[in-house]
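One structure is given below, encoded as structure tokens.
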2 protein chains.
Amino acid sequence: MCVVKTRSISETARQLHLTQPTVSQQIKRLQETVNEPLVMVNQQRIHVTEAGFALFQTCQQVFGHFDDYQDYLAELRGGERGRCKIAMVNTAQYILPKLLGPYSNLHPHVELPLEIGNRAEVLARFERGEDDIYVFSHPPSLEHAKAGRFLQNPLVFIAPTNHALASQTQVTLQDLVSERFLLREPGSATRMLFESELQSRGFVLSNTVQMASNEAIRVAVGSGMGLGVVSRHVLPPHDTSFCMLDVKDVNLASHWYFVVRTDRHLSHAARSFLKFAQLNLEQCLNKQWVTNELNLLNESLN
Amino acid sequence: MCVVKTRSISETARQLHLTQPTVSQQIKRLQETVNEPLVMVNQQRIHVTEAGFALFQTCQQVFGHFDDYQDYLAELRGGERGRCKIAMVNTAQYILPKLLGPYSNLHPHVELPLEIGNRAEVLARFERGEDDIYVFSHPPSLEHAKAGRFLQNPLVFIAPTNHALASQTQVTLQDLVSERFLLREPGSATRMLFESELQSRGFVLSNTVQMASNEAIRVAVGSGMGLGVVSRHVLPPHDTSFCMLDVKDVNLASHWYFVVRTDRHLSHAARSFLKFAQLNLEQCLNKQWVTNELNLLNESLN
DNA sequence: CAAACCCATAGATAAAAACCTATAGGATAT
DNA sequence: ATATCCTATAGGTTTTTATCTATGGGTTTG
């Protein structure tokens, strides 16, 4: 490379802080591997042959590609590029897009494949470490993982608008247990929380129907099929087909967590997203529910 | 490379006839130099990361460039590409183009820079080894060079059409020495040959004029300025302003030689040209003068 | 649940690459 | 002509690289 520019072996040696024989020998060996003369020495001047110049150009292009790769890595490390795979439980899909949208606009080159499943499915993915970030309400064992809370997940009781309890204030749990309840599958965080509350207070539901999604429950409640316990975030603001009950003696509240595995390398994009979330939670989500403890998570990831 | 394709370290090791730890370590070191994870191991499967795939692509392009270079070298070695620098004395420019034209048509990617000078200039170039092939009539010392004859170079005496000797047959050298002669510079092969002939027979020219080119001599002779000795090849076929003399007791004949240095690498294109010349002399030049001894030259160059 | 398979790591070795110093021969400049 | 500068070659040393064997810890599968 340098020899082509300086047209002198000695000068090249000086510039590269090497001795002249070293450079001579390098060239010699290069010529042997190529099996073609690359330079010719005449009157104390180096003349680059056709083959030599072609190799020079080839090398320039090659280095160009490696430079491009370096640039690519820089972007990757800066979180401007890459992939951040997020797996979330069903309920989280009502809130996470509000963070993902702005983030994606800011970093258009970051791929954000989302996996949505019920708790069991996401848990399996977590065990296998298939994603960068997991969103749980009830975080799993944290042996190989760290979690950070970022949002309250208040559970509310919903009933058809025309239900007897709908207009009543100060409803109690006792009033509810005889109702028919529409619930997600066992193991879902919402259901687990509700059932542990019931159990600790000695109640048992007599009439439950299992439904596979929050929408199904919401619509079913709206059409009078029974009562439901769902995350507050699931409810669309202006739906009048159902209403929230004012239950005075129950406060079912959990939190959403971002969870990452500590025994896996976390992609730069994922780190970048968590950083973004830490700084922009309040702007993207209703401040009322934000519980920003991501600073702890992010610090522990450095 | 192979790991990306097989998605398995062990399989790669088998294909490359290496052991598995070797491949593992190679990847590890590659990741250390790049300072970025390139693959991730999960469930006994290798997952290539973004950075890893980008590097894979980069490498493919790089290898592509080297392949291109190999192709280029192949063409170079085949004589289809490259450069063949030829230096020739003035007189040769009347004959060499007849070979160069067809050759250039056959190998359009070969550059053919021509250097034309008087004998002293070409000799200097030869000493410095500035060209691939030199064309001499009177070849220089062959200590570091080899030469091959390819064409007769008959010298003829020319006179104005209306000159007294023009119509005479059986002219002798004695008849000529008192004439004014137009000659090239001392050292030119033509002049050297003529002068050595004169000297060996004890003649001295009394009246000479030096001219810098064969054209100048031809035109000057045509306009009656004196006589000339020039290569037969210099004379255009249908010029009636001068005529050749029928000198019976002088036969000035030399040959054209291709000369190459043996202490310099000869470009593939130059070898290719000499080979072409060997095979096509008779087709390109007047058979009458061809003396094809290039087979000897070419064989000694292998 | 054991056998088979996968990958990671440690430690050792042999080959190669990368340099250096010393030296010699040719070209250039003073 | 003599000092200077250039490149080539020889010989030797120090790193670096490329591999291997041995081993250990997980996964998958019969």
Side-chain angles (χ1 to χ4, degrees), chain A residues 1-49 52 55 59 123-130 141 143-145 261-265, chain B residues 1-49 52 55 59 66 123-131 141 143-145 261-265:
Chain A
M1 294 292 312
C2 186
V3 172
V4 174
K5 286 172 196 149
T6 62
R7 299 172 61 78
S8 156
I9 287 182
S10 297
E11 180 57 28
T12 300
R14 270 176 240 119
Q15 289 185 14
L16 302 184
H17 306 295
L18 295 171
T19 62
Q20 168 265 315
T22 301
V23 179
S24 280
Q25 208 183 335
Q26 294 272 16
I27 291 175
K28 191 182 170 191
R29 291 209 297 133
L30 188 57
Q31 290 180 149
E32 279 163 5
T33 60
V34 169
N35 203 21
E36 192 69 31
L38 301 173
V39 300
M40 308 203 38
V41 180
N42 212 311
Q43 322 299 111
Q44 299 198 215
R45 271 240 118 53
I46 296 285
H47 296 274
V48 179
T49 65
L55 181 57
C59 289
L123 210 48
R125 298 186 68 86
F126 170 77
E127 289 301 335
R128 295 186 183 163
E130 293 184 28
S141 145
E143 198 175 336
H144 299 294
R261 294 197 63 123
T262 51
D263 57 350
R264 293 257 191 288
H265 175 83
Chain B
M1 293 291 313
C2 186
V3 172
V4 174
K5 287 169 194 151
T6 62
R7 301 173 61 77
S8 156
I9 286 182
S10 296
E11 181 56 28
T12 300
R14 267 175 243 122
Q15 290 185 14
L16 301 183
H17 307 294
L18 295 170
T19 61
Q20 168 264 315
T22 301
V23 180
S24 280
Q25 208 183 332
Q26 294 272 17
I27 291 175
K28 190 182 172 191
R29 291 209 297 134
L30 188 57
Q31 290 180 148
E32 280 164 4
T33 60
V34 168
N35 204 20
E36 193 68 32
L38 300 173
V39 300
M40 306 200 45
V41 181
N42 213 315
Q43 320 302 109
Q44 298 196 220
R45 270 241 122 52
I46 296 284
H47 296 273
V48 180
T49 65
L55 182 57
C59 289
F66 283 126
L123 210 48
R125 298 187 67 86
F126 170 77
E127 289 301 335
R128 295 185 183 163
E130 293 185 26
D131 310 271
S141 147
E143 201 176 336
H144 298 296
R261 297 196 60 125
T262 51
D263 57 349
R264 293 258 190 289
H265 174 83

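Residue numbering restarts at 1 for every chain, and letters A, B, ... go by the order of the sequence lines.
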_Contact pattern, 5' to 3', of nucleotides 20-30 of chain D - B, S or - by protein heavy atom under 4.0 Å_ = BBB---BBS--
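In the helix from C:dC1-D:dG30 to C:dT30-D:dA1, the end axes, each obtained as the rotation axis mapping the C1' atoms of four pairs onto the next four within a five-pair block, lie 30° apart to the nearest 10 degrees.
Scanning both residues, A:T49 and A:M40, for their nearest heavy atoms gives CG2-CG, 3.4 Å. Counting all heavy atoms, side chain and backbone alike, A:R261 lies closest to A:E127 at NH1-O, 2.9 Å.
In this structure, A:R29 reaches the sugar-phosphate backbone alone: every heavy-atom distance under 4.0 Å involves primed, P, OP1 or OP2 atoms, never a base. Within 4.0 Å of A:S10, counting heavy atoms only, lies at least one base atom of the nucleic acid.
Atom CD in A:Q15 sits 8.5 Å away from atom OG in A:S8 (nearest 0.5 Å). Distance CG/B:L55 to CG/B:L30: 5.5 Å, rounded to 0.5 Å. Between atom OG1 of residue B:T12 and atom CD of residue B:Q26 there is a gap of 11.5 Å, rounded to the nearest 0.5 Å. Taking CD1 of B:I27 as the start and CD1 of B:I9 as the end, the distance is 4.0 Å to the nearest 0.5 Å. Annotation: the span from A:K28 atom NZ to A:L38 atom CG amounts to 14.0 Å, rounded to 0.5 Å. With rounding to the nearest 0.5 angstrom, the CD atom of B:Q25 is 9.0 Å from the CD atom of B:E32.
Boundaries of the chain A contact region on DNA chain C are C:dA17 to C:dT28, first to last in 5' to 3' order (nucleotide atom under 4.0 Å from a heavy atom).
A straight line from CD of A:Q31 to C1' of D:dT7 spans 12 Å, rounded to a whole angstrom. Regarding A:Q26, its CD atom lies at a distance of 15 Å from the P atom of D:dT7, rounded to whole Å.
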